[in-house]
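Worksheet: one structure, shown below.
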Number of protein chains: 2
Amino acid sequence: MIELSKAEFDVLDALWINYPATASQIIERLSDDKQWHEKTIKTLLGRLVKKGALSFEKEGRQYIYMPCIERADYTLKESQNFIERFFSGRIAPLVSGFAKSEQLSQQDINELKKVIDDWEKNQN
Amino acid sequence: MIELSKAEFDVLDALWINYPATASQIIERLSDDKQWHEKTIKTLLGRLVKKGALSFEKEGRQYIYMPCIERADYTLKESQNFIERFFSGRIAPLVSGFAKSEQLSQQDINELKKVIDDWEKNQN
DNA sequence: AATTAAAGACTACGCCTGTAATCTATAATT
DNA sequence: AATTATAGATTACAGGCGTAGTCTTTAATT
(Lines give C-alpha, C1' and ligand atoms only; values in the text may rest on other atoms or scores of the structure.)
Protein backbone atom coordinates (compact mmCIF):
# COMPACT_ATOMS: atom_id res chain seq x y z
CA MET A 1 0.00 0.00 0.00
CA ILE A 2 1.12 3.53 -0.71
CA GLU A 3 2.03 5.25 2.55
CA LEU A 4 1.34 8.94 2.74
CA SER A 5 2.34 11.42 5.40
CA LYS A 6 -0.30 13.73 6.83
CA ALA A 7 0.82 16.67 4.75
CA GLU A 8 0.94 14.56 1.62
CA PHE A 9 -2.56 13.34 2.26
CA ASP A 10 -3.82 16.88 2.66
CA VAL A 11 -2.39 17.81 -0.72
CA LEU A 12 -3.89 14.79 -2.37
CA ASP A 13 -7.16 15.57 -0.66
CA ALA A 14 -7.16 18.98 -2.28
CA LEU A 15 -6.72 17.33 -5.64
CA TRP A 16 -9.51 14.83 -5.00
CA ILE A 17 -11.90 17.75 -4.64
CA ASN A 18 -11.67 18.18 -8.37
CA TYR A 19 -9.23 16.87 -10.92
CA PRO A 20 -7.23 17.04 -13.07
CA ALA A 21 -5.78 20.24 -11.67
CA THR A 22 -2.63 22.29 -11.87
CA ALA A 23 -0.28 23.00 -9.01
CA SER A 24 -1.56 26.55 -8.72
CA GLN A 25 -5.13 25.35 -8.44
CA ILE A 26 -4.15 22.99 -5.67
CA ILE A 27 -2.19 25.72 -3.94
CA GLU A 28 -5.21 27.97 -4.20
CA ARG A 29 -7.50 25.36 -2.67
CA LEU A 30 -5.15 24.74 0.21
CA SER A 31 -4.65 28.40 0.99
CA ASP A 32 -7.88 28.56 2.99
CA ASP A 33 -6.93 25.93 5.50
CA LYS A 34 -3.17 25.84 5.57
CA GLN A 35 -0.47 28.44 5.89
CA TRP A 36 1.79 26.56 3.56
CA HIS A 37 4.32 28.18 1.33
CA GLU A 38 3.86 27.48 -2.34
CA LYS A 39 7.22 25.73 -2.39
CA THR A 40 6.13 23.42 0.36
CA ILE A 41 3.14 22.27 -1.63
CA LYS A 42 5.26 21.73 -4.72
CA THR A 43 7.66 19.62 -2.72
CA LEU A 44 4.73 17.56 -1.50
CA LEU A 45 3.36 17.18 -5.03
CA GLY A 46 6.76 15.89 -6.10
CA ARG A 47 6.84 13.40 -3.26
CA LEU A 48 3.33 12.22 -4.11
CA VAL A 49 4.38 11.62 -7.70
CA LYS A 50 7.43 9.72 -6.52
CA LYS A 51 5.26 7.56 -4.30
CA GLY A 52 2.94 6.79 -7.18
CA ALA A 53 -0.07 8.53 -5.67
CA LEU A 54 -0.25 11.11 -8.45
CA SER A 55 0.52 11.28 -12.12
CA PHE A 56 0.72 14.31 -14.37
CA GLU A 57 0.82 15.43 -17.93
CA LYS A 58 2.75 18.35 -19.27
CA GLU A 59 0.71 21.24 -20.58
CA GLY A 60 3.10 23.91 -21.75
CA ARG A 61 5.19 24.88 -18.79
CA GLN A 62 2.81 23.42 -16.25
CA TYR A 63 1.87 20.00 -15.03
CA ILE A 64 -1.69 18.80 -14.85
CA TYR A 65 -2.06 16.43 -11.93
CA MET A 66 -4.32 13.43 -11.52
CA PRO A 67 -4.68 11.10 -8.52
CA CYS A 68 -3.62 7.51 -9.13
CA ILE A 69 -5.68 6.22 -6.25
CA GLU A 70 -9.22 6.81 -5.14
CA ARG A 71 -10.09 8.47 -1.92
CA ALA A 72 -12.49 5.74 -0.84
CA ASP A 73 -9.87 3.06 -1.43
CA TYR A 74 -7.23 4.93 0.44
CA THR A 75 -9.40 5.76 3.43
CA LEU A 76 -10.72 2.22 3.58
CA LYS A 77 -7.22 0.83 3.84
CA GLU A 78 -6.23 3.40 6.40
CA SER A 79 -9.36 2.56 8.37
CA GLN A 80 -8.65 -1.14 8.34
CA ASN A 81 -5.15 -0.45 9.45
CA PHE A 82 -6.28 1.84 12.21
CA ILE A 83 -8.91 -0.53 13.52
CA GLU A 84 -6.48 -3.39 13.40
CA ARG A 85 -3.90 -1.50 15.42
CA PHE A 86 -6.12 -0.08 18.07
CA PHE A 87 -9.11 -2.43 18.24
CA SER A 88 -7.78 -5.77 17.04
CA GLY A 89 -9.68 -5.40 13.82
CA ARG A 90 -13.13 -5.02 15.30
CA ILE A 91 -15.11 -1.95 14.48
CA ALA A 92 -17.72 -1.96 17.21
CA PRO A 93 -15.31 -1.11 20.03
CA LEU A 94 -14.39 2.07 18.20
CA VAL A 95 -18.01 3.12 17.94
CA SER A 96 -18.59 2.02 21.49
CA GLY A 97 -15.74 4.23 22.67
CA PHE A 98 -17.42 7.18 21.05
CA ALA A 99 -20.74 6.29 22.60
CA LYS A 100 -19.28 5.98 26.08
CA SER A 101 -17.70 9.39 25.87
CA GLU A 102 -20.85 11.02 24.58
CA GLN A 103 -19.38 11.65 21.17
CA LEU A 104 -22.33 10.26 19.27
CA SER A 105 -25.14 12.53 18.12
CA GLN A 106 -28.63 11.45 17.17
CA GLN A 107 -27.62 12.07 13.58
CA ASP A 108 -24.69 9.69 13.92
CA ILE A 109 -27.02 7.08 15.31
CA ASN A 110 -29.48 7.55 12.48
CA GLU A 111 -26.71 7.24 9.93
CA LEU A 112 -25.37 4.13 11.59
CA LYS A 113 -28.82 2.57 11.59
CA LYS A 114 -29.08 3.25 7.91
CA VAL A 115 -25.73 1.59 7.26
CA ILE A 116 -26.90 -1.45 9.19
CA ASP A 117 -30.21 -1.48 7.37
CA ASP A 118 -28.54 -1.34 4.00
CA TRP A 119 -26.15 -4.07 5.00
CA GLU A 120 -29.00 -6.31 6.02
CA LYS A 121 -30.89 -5.70 2.82
CA ASN A 122 -27.85 -6.86 0.97
CA GLN A 123 -27.68 -10.11 2.86
CA ASN A 124 -30.82 -11.74 1.48
CA MET B 1 -2.19 15.31 23.64
CA ILE B 2 0.71 12.95 23.97
CA GLU B 3 1.79 11.82 20.51
CA LEU B 4 3.17 8.31 20.26
CA SER B 5 4.86 6.62 17.35
CA LYS B 6 3.67 3.20 16.27
CA ALA B 7 6.52 1.42 17.98
CA GLU B 8 6.03 3.42 21.15
CA PHE B 9 2.36 2.55 21.18
CA ASP B 10 3.13 -1.13 20.83
CA VAL B 11 5.39 -1.00 23.85
CA LEU B 12 2.83 0.85 25.90
CA ASP B 13 0.23 -1.63 24.73
CA ALA B 14 2.32 -4.44 26.17
CA LEU B 15 2.38 -2.64 29.48
CA TRP B 16 -1.37 -2.04 29.44
CA ILE B 17 -1.86 -5.79 29.35
CA ASN B 18 -0.79 -5.84 32.96
CA TYR B 19 0.97 -3.32 35.12
CA PRO B 20 3.10 -2.28 36.87
CA ALA B 21 5.75 -4.29 35.11
CA THR B 22 9.49 -4.36 34.66
CA ALA B 23 11.32 -3.85 31.40
CA SER B 24 12.08 -7.54 31.16
CA GLN B 25 8.43 -8.44 31.56
CA ILE B 26 7.53 -6.05 28.78
CA ILE B 27 10.30 -7.40 26.60
CA GLU B 28 9.03 -10.89 27.28
CA ARG B 29 5.49 -9.98 26.29
CA LEU B 30 6.62 -8.34 23.08
CA SER B 31 8.84 -11.22 22.06
CA ASP B 32 5.91 -13.17 20.62
CA ASP B 33 4.87 -10.57 18.10
CA LYS B 34 7.94 -8.50 17.41
CA GLN B 35 11.50 -9.27 16.49
CA TRP B 36 12.78 -6.38 18.50
CA HIS B 37 16.11 -6.31 20.20
CA GLU B 38 15.98 -5.76 23.91
CA LYS B 39 17.87 -2.50 23.44
CA THR B 40 15.25 -1.25 21.06
CA ILE B 41 12.51 -1.78 23.59
CA LYS B 42 14.50 -0.05 26.31
CA THR B 43 15.01 2.91 24.03
CA LEU B 44 11.29 3.04 23.44
CA LEU B 45 10.57 2.81 27.15
CA GLY B 46 12.88 5.76 27.69
CA ARG B 47 11.12 7.78 25.02
CA LEU B 48 7.74 6.95 26.50
CA VAL B 49 8.91 8.18 29.89
CA LYS B 50 10.23 11.36 28.31
CA LYS B 51 6.90 11.93 26.58
CA GLY B 52 5.04 11.49 29.83
CA ALA B 53 3.22 8.33 28.78
CA LEU B 54 4.92 6.21 31.44
CA SER B 55 6.27 6.65 34.91
CA PHE B 56 8.43 4.32 36.94
CA GLU B 57 9.71 3.59 40.39
CA LYS B 58 13.08 2.20 41.23
CA GLU B 59 13.13 -1.23 42.72
CA GLY B 60 16.73 -2.15 43.34
CA ARG B 61 18.47 -2.02 40.03
CA GLN B 62 15.30 -2.20 38.01
CA TYR B 63 12.50 0.15 37.12
CA ILE B 64 8.89 -0.74 37.60
CA TYR B 65 6.84 0.92 34.91
CA MET B 66 3.28 2.23 35.04
CA PRO B 67 1.26 3.86 32.27
CA CYS B 68 0.34 7.50 32.87
CA ILE B 69 -2.56 7.33 30.46
CA GLU B 70 -5.37 4.89 29.94
CA ARG B 71 -5.75 2.85 26.81
CA ALA B 72 -9.38 3.84 26.31
CA ASP B 73 -8.54 7.52 26.58
CA TYR B 74 -5.67 7.26 24.19
CA THR B 75 -7.54 5.25 21.58
CA LEU B 76 -10.55 7.53 21.83
CA LYS B 77 -8.44 10.57 21.06
CA GLU B 78 -6.69 8.79 18.23
CA SER B 79 -10.07 7.73 16.87
CA GLN B 80 -11.45 11.25 16.97
CA ASN B 81 -8.36 12.45 15.24
CA PHE B 82 -8.56 9.78 12.61
CA ILE B 83 -12.23 10.31 11.89
CA GLU B 84 -11.73 14.04 11.73
CA ARG B 85 -8.92 13.71 9.21
CA PHE B 86 -10.47 11.19 6.91
CA PHE B 87 -14.21 11.56 7.38
CA SER B 88 -14.71 15.16 8.49
CA GLY B 89 -15.50 14.00 11.98
CA ARG B 90 -18.42 11.76 11.09
CA ILE B 91 -18.27 8.14 12.10
CA ALA B 92 -20.92 6.62 9.85
CA PRO B 93 -18.95 7.05 6.62
CA LEU B 94 -16.19 4.95 8.10
CA VAL B 95 -18.57 2.15 8.93
CA SER B 96 -20.24 2.59 5.60
CA GLY B 97 -16.91 2.18 3.83
CA PHE B 98 -16.45 -1.14 5.58
CA ALA B 99 -19.94 -2.22 4.65
CA LYS B 100 -19.50 -1.36 1.00
CA SER B 101 -16.34 -3.38 0.77
CA GLU B 102 -17.85 -6.37 2.50
CA GLN B 103 -15.71 -5.95 5.57
CA LEU B 104 -18.56 -6.27 8.03
CA SER B 105 -19.50 -9.60 9.54
CA GLN B 106 -22.80 -10.52 11.14
CA GLN B 107 -21.00 -10.31 14.45
CA ASP B 108 -19.90 -6.75 13.74
CA ILE B 109 -23.48 -5.86 12.90
CA ASN B 110 -24.76 -7.41 16.09
CA GLU B 111 -22.20 -5.56 18.13
CA LEU B 112 -23.04 -2.30 16.42
CA LYS B 113 -26.72 -2.82 17.09
CA LYS B 114 -25.94 -3.34 20.72
CA VAL B 115 -23.95 -0.14 20.87
CA ILE B 116 -26.87 1.72 19.33
CA ASP B 117 -29.32 0.07 21.72
CA ASP B 118 -27.26 1.01 24.71
CA TRP B 119 -26.91 4.53 23.46
CA GLU B 120 -30.66 4.85 23.07
CA LYS B 121 -31.33 3.49 26.51
CA ASN B 122 -29.09 6.16 27.87
CA GLN B 123 -31.05 8.90 26.18
CA ASN B 124 -34.13 8.44 28.37
C1' DA C 1 16.20 40.46 -28.95
C1' DA C 2 16.72 41.12 -24.17
C1' DT C 3 14.72 40.85 -19.76
C1' DT C 4 11.73 39.12 -16.45
C1' DA C 5 8.75 36.07 -14.22
C1' DA C 6 7.12 31.78 -13.08
C1' DA C 7 7.15 26.54 -13.21
C1' DG C 8 9.36 22.76 -11.84
C1' DA C 9 14.04 20.44 -10.12
C1' DC C 10 17.26 20.17 -6.79
C1' DT C 11 19.16 21.13 -2.27
C1' DA C 12 18.74 21.97 2.72
C1' DC C 13 18.09 21.18 7.41
C1' DG C 14 16.48 19.96 11.97
C1' DC C 15 13.37 16.80 14.28
C1' DC C 16 11.23 12.27 14.71
C1' DT C 17 11.51 7.25 14.20
C1' DG C 18 13.16 2.62 14.01
C1' DT C 19 16.74 0.17 15.31
C1' DA C 20 20.29 -0.75 17.90
C1' DA C 21 25.54 -0.49 20.03
C1' DT C 22 28.43 1.28 23.56
C1' DC C 23 29.16 3.21 28.13
C1' DT C 24 28.51 3.29 33.17
C1' DA C 25 27.08 1.95 37.49
C1' DT C 26 25.83 -1.46 40.58
C1' DA C 27 23.99 -5.95 42.07
C1' DA C 28 25.23 -10.70 42.00
C1' DT C 29 28.57 -14.23 42.04
C1' DT C 30 33.00 -16.38 42.81
C1' DA D 1 37.34 -8.38 47.72
C1' DA D 2 37.45 -9.00 42.90
C1' DT D 3 35.02 -10.14 38.87
C1' DT D 4 31.14 -10.50 36.11
C1' DA D 5 26.69 -9.72 34.50
C1' DT D 6 22.96 -6.84 33.89
C1' DA D 7 19.99 -2.54 34.23
C1' DG D 8 19.58 1.69 32.64
C1' DA D 9 21.89 6.06 30.24
C1' DT D 10 23.97 7.81 26.44
C1' DT D 11 25.25 7.85 21.72
C1' DA D 12 24.52 6.57 16.79
C1' DC D 13 22.77 6.70 12.36
C1' DA D 14 19.97 6.48 8.18
C1' DG D 15 15.52 7.54 6.27
C1' DG D 16 11.07 10.11 6.49
C1' DC D 17 8.79 14.51 7.27
C1' DG D 18 7.67 19.44 7.54
C1' DT D 19 9.09 23.35 5.70
C1' DA D 20 11.09 25.92 2.64
C1' DG D 21 15.23 28.29 -0.30
C1' DT D 22 18.03 28.26 -4.50
C1' DC D 23 18.88 26.84 -9.28
C1' DT D 24 17.46 26.17 -14.03
C1' DT D 25 14.68 26.47 -17.77
C1' DT D 26 11.41 28.45 -20.61
C1' DA D 27 7.27 31.24 -21.48
C1' DA D 28 5.82 35.93 -21.36
C1' DT D 29 6.67 40.74 -21.61
C1' DT D 30 9.10 44.97 -22.84
Side-chain angles (χ1 to χ4, degrees), chain A residues 1-15 19-66 74 78 81-82 85-86, chain B residues 1-15 19-68 74 78 81-82 85-86:
Chain A
M1 183 180 52
I2 296 179
E3 300 273 358
L4 306 180
S5 75
K6 282 174 200 283
E8 286 161 2
F9 174 82
D10 287 333
V11 171
L12 182 47
D13 214 14
L15 179 58
Y19 55 85
T22 63
S24 7
Q25 290 174 314
I26 295 170
I27 290 166
E28 175 56 29
R29 287 175 202 169
L30 286 165
S31 68
D32 295 334
D33 297 324
K34 313 276 175 186
Q35 317 307 315
W36 282 341
H37 194 284
E38 161 221 0
K39 299 296 188 185
T40 299
I41 297 174
K42 298 226 176 142
T43 297
L44 293 168
L45 282 169
R47 289 181 187 169
L48 283 162
V49 169
K50 194 169 170 195
K51 288 187 177 187
L54 294 186
S55 66
F56 62 85
E57 282 177 23
K58 270 192 174 152
E59 171 92 16
R61 199 162 44 150
Q62 298 188 124
Y63 289 175
I64 313 287
Y65 293 95
M66 285 260 296
Y74 183 77
E78 284 297 311
N81 215 291
F82 182 87
R85 281 185 62 63
F86 293 113
Chain B
M1 184 177 54
I2 295 178
E3 300 273 358
L4 305 180
S5 76
K6 281 173 200 286
E8 287 160 0
F9 175 81
D10 287 333
V11 170
L12 182 47
D13 214 14
L15 178 59
Y19 54 85
T22 64
S24 6
Q25 290 174 315
I26 295 170
I27 290 165
E28 175 56 29
R29 287 175 202 169
L30 286 165
S31 68
D32 296 334
D33 298 323
K34 313 277 175 185
Q35 317 307 314
W36 283 342
H37 194 286
E38 161 220 1
K39 300 295 189 186
T40 299
I41 298 174
K42 299 231 177 140
T43 296
L44 293 168
L45 283 170
R47 289 180 185 170
L48 284 163
V49 169
K50 195 168 170 194
K51 288 188 176 185
L54 294 186
S55 65
F56 62 83
E57 281 178 24
K58 270 191 173 152
E59 171 94 15
R61 199 162 43 150
Q62 299 188 123
Y63 289 175
I64 314 287
Y65 293 94
M66 285 259 295
C68 295
Y74 183 77
E78 285 297 311
N81 216 292
F82 182 87
R85 280 185 63 64
F86 293 113

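Protein chains get the first letters and strands the later ones, always in sequence-line order, with residue 1 at the start of each. Just so it is clear, the values below take in all heavy atoms, side chains as well, and ignore hydrogens, waters and symmetry mates.
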Check: Using the ring of each side chain (for Trp, its six-membered ring), is Phe86(A) parallel, tilted or perpendicular to Phe9(B), with breaks at 30° and 60°?
Finding: perpendicular

Interatomic distance where [atom1] belongs to [X] and [atom2] belongs to [N] [whole Å]:
| X | N | atom1 | atom2 | answer |
| --- | --- | --- | --- | --- |
| Leu45(B) | dG8(D) | CG | P | 8 Å |
| Ile41(A) | dC17(D) | CD1 | P | 17 Å |
| Tyr63(B) | dT6(D) | OH | P | 18 Å |
| Ile27(B) | dG8(D) | CD1 | C1' | 11 Å |
| Lys42(B) | dT11(D) | NZ | P | 18 Å |
| Lys50(A) | dC17(D) | NZ | C1' | 13 Å |
| Glu28(B) | dT6(D) | CD | P | 15 Å |

Is any side-chain heavy atom of [Y] closer than 4.5 Å to one of [X]?
| X | Y | result |
| --- | --- | --- |
| Glu78(A) | Met1(A) | yes |
| Tyr65(A) | Leu48(A) | no |
| Glu57(B) | Tyr63(B) | no |
| Arg47(A) | Leu4(A) | no |

Which atom of [X] lies closest to which atom of [Y], heavy atoms considered:
| X | Y | answer |
| --- | --- | --- |
| Gly52(B) | Ile2(B) | O-CD1, 3.4 Å |
| Lys51(B) | Ser5(B) | NZ-N, 4.1 Å |
| Lys42(B) | Ile27(B) | CE-CD1, 4.1 Å |

Next item on the list: Would you mind building the protein contact string for nucleotides 19-27 of chain D? One character per nucleotide, 5' to 3', B for base within reach (heavy atoms under 4.0 Å), S for sugar-phosphate only, - for untouched.
Entry: BBBB---BS

Note to self: Using a heavy-atom cut-off of 4.0 Å across all strands, would you classify Lys51(B) as base, sugar-phosphate, or nothing?
What the structure shows: sugar-phosphate

Check: Taking for each residue the nucleotide of DNA chain D with the nearest heavy atom, is it Ile64(B) or Lys6(A) whose nucleotide lies nearer the 5' end?
Finding: Ile64(B)

Next item on the list: With side-chain contact (heavy atoms from CB on, under 4.5 Å) as the test, would you mind laying out the steps for Leu44(B) and Trp36(B) before giving the verdict?
Entry: CA-CA 11 Å; Leu44(B) 293 168; Trp36(B) 283 342; 4.2 Å; yes

Notebook entry, point to check: Quick one: how far along DNA chain C does chain A reach, first to last nucleotide 5' to 3', anything under 4.0 Å to a heavy atom?
Noted result: dA5(C) to dA12(C)

